[in-house]
Number of protein chains: 2
Amino acid sequence: MTATAAQTRPRKRSGNGTARPADADEIGLDALVGHAGYAVRRFQIWIFQDFIRTLGDVDIRPTQYSVLTVIGANPGLSQMAVAKRLGIERARLVHLLDSLEQRKYVKRVKSRADRRSHALHLTSQGETALAKFKRLAAEHERHVEDRIGKENREQLLRILAGFT
Amino acid sequence: MTATAAQTRPRKRSGNGTARPADADEIGLDALVGHAGYAVRRFQIWIFQDFIRTLGDVDIRPTQYSVLTVIGANPGLSQMAVAKRLGIERARLVHLLDSLEQRKYVKRVKSRADRRSHALHLTSQGETALAKFKRLAAEHERHVEDRIGKENREQLLRILAGFT
DNA sequence: TATTGTTATACTCTATAACTATA
DNA sequence: TATAGTTATAGAGTATAACAATA
């Protein structure tokens, strides 16, 4: 393995319960250093927090933004189609849409082709709002760029393009 | 913005509710394509699912693994120190440790230096188990490599090194 | 007064199962 | 029979607040 062997031996701290306080930044991560999942998770948490903060005034979270964006770009989609495309459980999407519909951003239109399903559309209010959300999301994206660098951000998008 | 303008115009599907069924793979992501957070989130879900599956037989999840690894490498740490280092809420760590203590992987030792705090240690059973978990985690890491490529994985670790 | 561990609550998210109305 | 949307439940995870013991 890559970075596992580096610091596997525990740094002497104490054998019983009489250790010194433990300075937070000198604690080794050991095998975690070599795990992509660990870094990715920490980064994902940071990035979501920044997104939520940046779109705090409009009270839109990443999942809500992704749903609005996909509906905006593909009007008439069914709930199943949106759920599948974004990897959201259809049961969960129901609640997300309930909230977005209450806020008048989205409407469910009964499909006549298949009366089981709903065709999803943005309201005109939703269109206007989404345009604003996109501007704020772009601002958030600049924070990401500031944090990891322009080149690294683009590299990251290339590496992970297969997961979208 | 980078990849936002590319496909902003909705692809005609239907104005009312009479659309054709919507083929899941031809649905455009629009602005999401340019968002690092979206790709990172999808990737993080994939990677956690693979981790959980690969360590399914031993029933260890990513967070549990990270806690065991840090305690193993830094015996005697307090709960606060572990929580801070891994970015876990101290309230949540209580439950994680309850479970790991029940399974005899971890023990809380009362600290005499500061009688409010517990010094955390692996049991000998915990040490043995962790060694096995690390082998399985390394196997998981190879799945990541198979999926995105050796170079890309290393590039990713470099880019995100600042978030660990 | 402040901190450590704990308990409790609320909300997000994931994973299921079951129900209804349609197909 | 199967599918779309819905409802419900359980567990993980995050975010808080409050409390007891201790510093």
Side-chain angles (χ1 to χ4, degrees), chain A residues 17 19-22 24 37 41-42 44-53 56 59-67 76-101 106-120, chain B residues 17 19-22 24 41-42 44-53 55-56 59-67 76-101 106-120:
Chain A
R20 63 193 154 82
R41 176 63 174 156
R42 295 298 299 254
Q44 187 258 304
I45 289 169
W46 180 88
I47 216 168
F48 266 42
Q49 280 171 348
D50 186 86
F51 187 100
I52 292 165
R53 203 181 318 123
D59 190 27
I60 287 291
R61 300 171 62 83
T63 312
Q64 296 174 311
Y65 176 74
S66 69
V67 169
L77 282 186
S78 69
Q79 296 186 192
M80 269 308 294
V82 171
K84 266 188 196 151
R85 186 62 186 90
L86 291 176
I88 301 171
E89 281 298 319
R90 72 189 203 275
R92 166 140 179 69
L93 185 61
V94 171
H95 300 299
L96 285 166
L97 289 173
D98 286 348
S99 146
L100 293 173
E101 205 171 26
V106 167
K107 52 179 184 284
R108 289 162 159 120
V109 180
K110 277 186 185 163
S111 168
R112 281 186 304 252
D114 182 343
R115 286 160 61 215
R116 292 171 303 182
S117 77
H118 296 158
L120 300 172
Chain B
R20 63 193 154 82
R41 176 63 175 156
R42 295 299 299 254
Q44 187 258 305
I45 289 169
W46 180 87
I47 216 168
F48 267 41
Q49 280 172 347
D50 185 87
F51 187 100
I52 291 165
R53 203 182 317 122
L55 280 83
D59 190 26
I60 287 291
R61 298 171 63 83
T63 311
Q64 297 175 310
Y65 176 74
S66 69
V67 169
L77 283 186
S78 70
Q79 296 186 191
M80 269 307 294
V82 171
K84 266 189 196 151
R85 185 64 186 87
L86 292 175
I88 301 170
E89 281 298 319
R90 71 188 203 277
R92 166 140 178 71
L93 185 61
V94 171
H95 300 298
L96 285 166
L97 288 173
D98 286 348
S99 145
L100 294 172
E101 205 171 25
V106 167
K107 54 178 183 285
R108 287 162 159 123
V109 179
K110 277 187 184 163
S111 168
R112 280 184 306 250
D114 181 342
R115 286 160 61 214
R116 290 171 304 182
S117 77
H118 294 159
L120 300 172

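The figures here come from the full heavy-atom set of this structure, side chains too, leaving out hydrogens, waters and symmetry mates. Quick note on labels: first sequence line is chain A, next is B, and so on, each numbered from 1.
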Can you tell me the distance, in whole Å, between the [atom1] atom of [X] and the [atom2] atom of [N]?
X	N	atom1	atom2	answer
Trp46(A)	dT14(D)	CH2	C1'	19 Å
Ile45(A)	dT12(C)	CD1	C1'	13 Å
Asp98(B)	dG11(D)	CG	P	16 Å
Leu97(A)	dC13(C)	CG	P	13 Å
His95(B)	dT14(D)	NE2	C1'	12 Å
Leu96(B)	dT6(C)	CG	P	12 Å
Met80(A)	dT22(C)	CE	P	18 Å
Gln44(B)	dT14(D)	CD	P	9 Å

Between [options], which nucleotide has the shortest distance from any of its atoms to the side chain of [X]?
X	options	result
Gln49(B)	dT22(D), dG13(D), dA15(C)	dA15(C)
Arg92(A)	dT16(D), dT14(D), dT12(C)	dT12(C)
Val94(B)	dG5(C), dG5(D), dT16(D)	dG5(C)

Considering every strand and a 4.0 Å limit on heavy-atom distances, what is the contact class for [X]: base, sugar-phosphate, or nothing?
X	result
Arg115(B)	sugar-phosphate
Leu93(A)	nothing
Arg90(B)	base
Gln64(A)	nothing
Glu89(A)	base

Are the side chain of Arg42(A) and the backbone N or O of Leu86(B) linked by a donor-acceptor pair below 3.5 Å?
-> yes
Gln64(B) side-chain N/O to Arg61(B) backbone N/O, donor-acceptor pair under 3.5 Å | yes
Restricting to non-hydrogen atoms, name the atom on [X] and the atom on [Y] that form the minimum distance, rounded to 0.1 Å.
X	Y	value
Leu93(B)	Ile88(B)	N-CG2, 4.1 Å
Ile60(A)	Phe51(A)	O-CE2, 3.8 Å
Pro62(B)	Ile52(B)	CD-CG1, 3.8 Å

Check the phosphate of [N] against [X], side-chain N and O only, distance under 4.0 Å to OP1 or OP2. Yes or no?
X	N	answer
Arg112(A)	dA23(C)	no
Gln79(B)	dT3(C)	no
Arg116(B)	dC19(D)	no

Are Arg108(A) and Glu101(A) within salt-bridge range, i.e. N to O under 4.0 Å?
-> yes
Judged by nearest nucleotide, the residue sitting upstream toward the 5' end of DNA chain D, Thr63(B) or His118(A), is His118(A)
Residue whose closest nucleotide on DNA chain D lies nearer the 5' end, Arg61(B) versus Ala91(B) | Arg61(B)
